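Encoded as structure tokens, the structure appears first; notes follow it.
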Amino acid sequence: MPSRRRTLLKVIILGDSGVGKTSLMNQYVNKKFSNQYKATIGADFLTKEVQFDDRLFTLQIWDTAGQERFQSLGVAFYRGADCCVLVYDVNSMKSFDNLNNWREEFLIQASPSDPENFPFVVIGNKLDVDGGNSRVVPEKKARAWCASKGDIPYFETSAKEGTNVEEAFQCIARNALKSGEEEEIYLPDTIDVGNGNQASSGGCAC
């Protein structure tokens with residue numbers, strides 16, 4: 001019997017405190033949303049198994065603290081990342097303006113071997129707030145920023161309502177796969193790689 005192959009793909013989510021990083025992760029992995037805001041202390045991660053082209057991958061999604069005082073913890077968490085997700089709140093211009101700082105900080109701390117081509121994905125979250133009436137960051141402005149940084153894939157989401165969350169993370173997984181291909185883990189058939197609770201995803205339209 002051939003061994004089943006599983007690749008561990010490490011994804012880092014960065015952005016200002018309160019933009020919805022934890023909510024996005026929980027909506028994607030657990031299909032749950034909570035109105036109770038609790039700031040992430042340091043970093044936390046969830047895993048989800050995804051399947052592309054009949055192959056199994058474990059997406060390890062790291063949710064990092066947005067507060068300045070925790071950023072010194074970053075180096076250990078950033079290293080070995082296969083994709084970085086930059087999140088901002090479409091209702092907060094400051095959170096959008098800080099995307100560049102988060103991107104630069106990641107490249108410095110993670111020291112990827114090919115920084116020019118390292119995969120990023122940008123998410124504009126909280127589309128649902130006030131029915132979209134309190135939005136201050138135009139989609140056109142966000143897409144222009146992404147284009148200027150090497151055509152970074154861009155998604156607008158509502159972690160609360162689940163809008164575009166699945167699509168965004170499928171694209172994130174695809175991009176992580178491109179850079180994480182070499183880190184394959186070979187698992188013999190005797191090891192059960194799934195516990196029956198983890199969901200699998202299909203292809204990516206990005």
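Values in this document were obtained by computation on a predicted structure and should not be read as measured data.
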Could you check if a side-chain atom of Leu177 sits within less than 4.5 angstrom of a side-chain atom of Phe57, using non-hydrogen atoms only?
-> yes
Side chain proximity check, Thr7 to Arg55, heavy atoms < 4.5 angstrom | yes
Who are the side-chain hydrogen bond (donor to acceptor under 3.5 Å, both in side chains) partners of Asp54, not counting sequence neighbours?
-> none
Shortest non-hydrogen contact between [X] and [Y], atoms and distance:
{"X": "Gly20", "Y": "Asn125", "value": "CA-ND2, 3.6 Å"}
{"X": "Arg79", "Y": "Lys10", "value": "O-NZ, 2.9 Å"}
{"X": "Trp145", "Y": "Arg103", "value": "CH2-CD, 4.1 Å"}
{"X": "Leu59", "Y": "Val11", "value": "CD1-CG2, 3.8 Å"}
{"X": "Val121", "Y": "Phe155", "value": "CG1-CD1, 4.0 Å"}
{"X": "Glu49", "Y": "Thr58", "value": "OE2-OG1, 3.8 Å"}

Residue set satisfying salt bridge (charged side-chain N to carboxylate O under 4.0 Å, His left out) with Arg135, at least two apart, ordered chain then number -> Glu156
Check whether Val129 and Phe33 end up in the same hydrophobic cluster, where Ile, Leu, Val, Met, Phe, Trp and Tyr are linked by side-chain heavy atoms less than 4.5 Å apart.
-> no
Check whether Leu99 and Met93 end up in the same hydrophobic cluster, where Ile, Leu, Val, Met, Phe, Trp and Tyr are linked by side-chain heavy atoms less than 4.5 Å apart.
-> yes
Passes side chain to side chain contact (heavy atoms under 4.5 Å, CB included), Tyr88 versus Asn98? Steps please.
-> CA-CA 8 Å; Tyr88 75 97; Asn98 283 339; over 6 Å; no
Can you check side chain to side chain donor-acceptor pair (under 3.5 Å) on Ser95 and Asp16, steps first, answer last?
-> CA-CA 6 Å; Ser95 69; Asp16 283 6; 5.3 Å; no
How long is the straight-line distance from [atom2] of [Y] back to [atom1] of [X], given to the nearest 0.5 Å?
{"X": "Ile152", "Y": "Leu86", "atom1": "CD1", "atom2": "CG", "value": "6.5 Å"}
{"X": "Leu46", "Y": "Ile13", "atom1": "CG", "atom2": "CD1", "value": "9.0 Å"}
{"X": "Cys83", "Y": "Leu9", "atom1": "SG", "atom2": "CG", "value": "9.5 Å"}
{"X": "Glu116", "Y": "Leu107", "atom1": "CD", "atom2": "CG", "value": "8.5 Å"}
{"X": "Leu24", "Y": "Asp63", "atom1": "CG", "atom2": "CG", "value": "9.5 Å"}
{"X": "Ile123", "Y": "Asp89", "atom1": "CD1", "atom2": "CG", "value": "13.0 Å"}

Indicate the ring-plane relationship of Phe118 and Phe106, choosing parallel, tilted or perpendicular according to the 30° and 60° boundaries.
-> tilted
Can you say whether the rings of Phe45 and Trp62 are parallel (under 30°), tilted (30 to 60°) or perpendicular (over 60°)?
-> tilted
Side chain to side chain contact (heavy atoms under 4.5 Å, CB included) between Phe169 and Ile61, worked out | CA-CA 10 Å; Phe169 275 94; Ile61 308 164; 4.0 Å; yes
Given the rule in the side chain to side chain contact (heavy atoms under 4.5 Å, CB included) test, do Ile172 and Asn175 qualify, once you have shown the distances and angles that lead to the verdict?
-> CA-CA 5 Å; Ile172 290 161; Asn175 278 286; 5.9 Å; no
Assess Lys141 against Phe96: is NZ or CZ under 6.0 Å from the centre of the six-membered ring, and within 45 degrees of the ring's axis?
-> no
Worked verdict on Val87 versus Leu14 for side chain to side chain contact (heavy atoms under 4.5 Å, CB included) = CA-CA 6 Å; Val87 183; Leu14 298 177; over 6 Å; no
Going by the salt bridge (charged side-chain N to carboxylate O under 4.0 Å, His left out) test, which pairs reach into residues 142-155, not counting sequence neighbours?
-> Glu139-Arg143
Distance-only, no hydrogens or angles: does the Asn117 side chain make a donor-acceptor pair with backbone N or O of Asp114 under 3.5 Å?
-> no
Give a yes or no on whether the backbone of Tyr28 and the side-chain of Lys31 come within a donor-acceptor separation of less than 3.5 Å.
-> yes
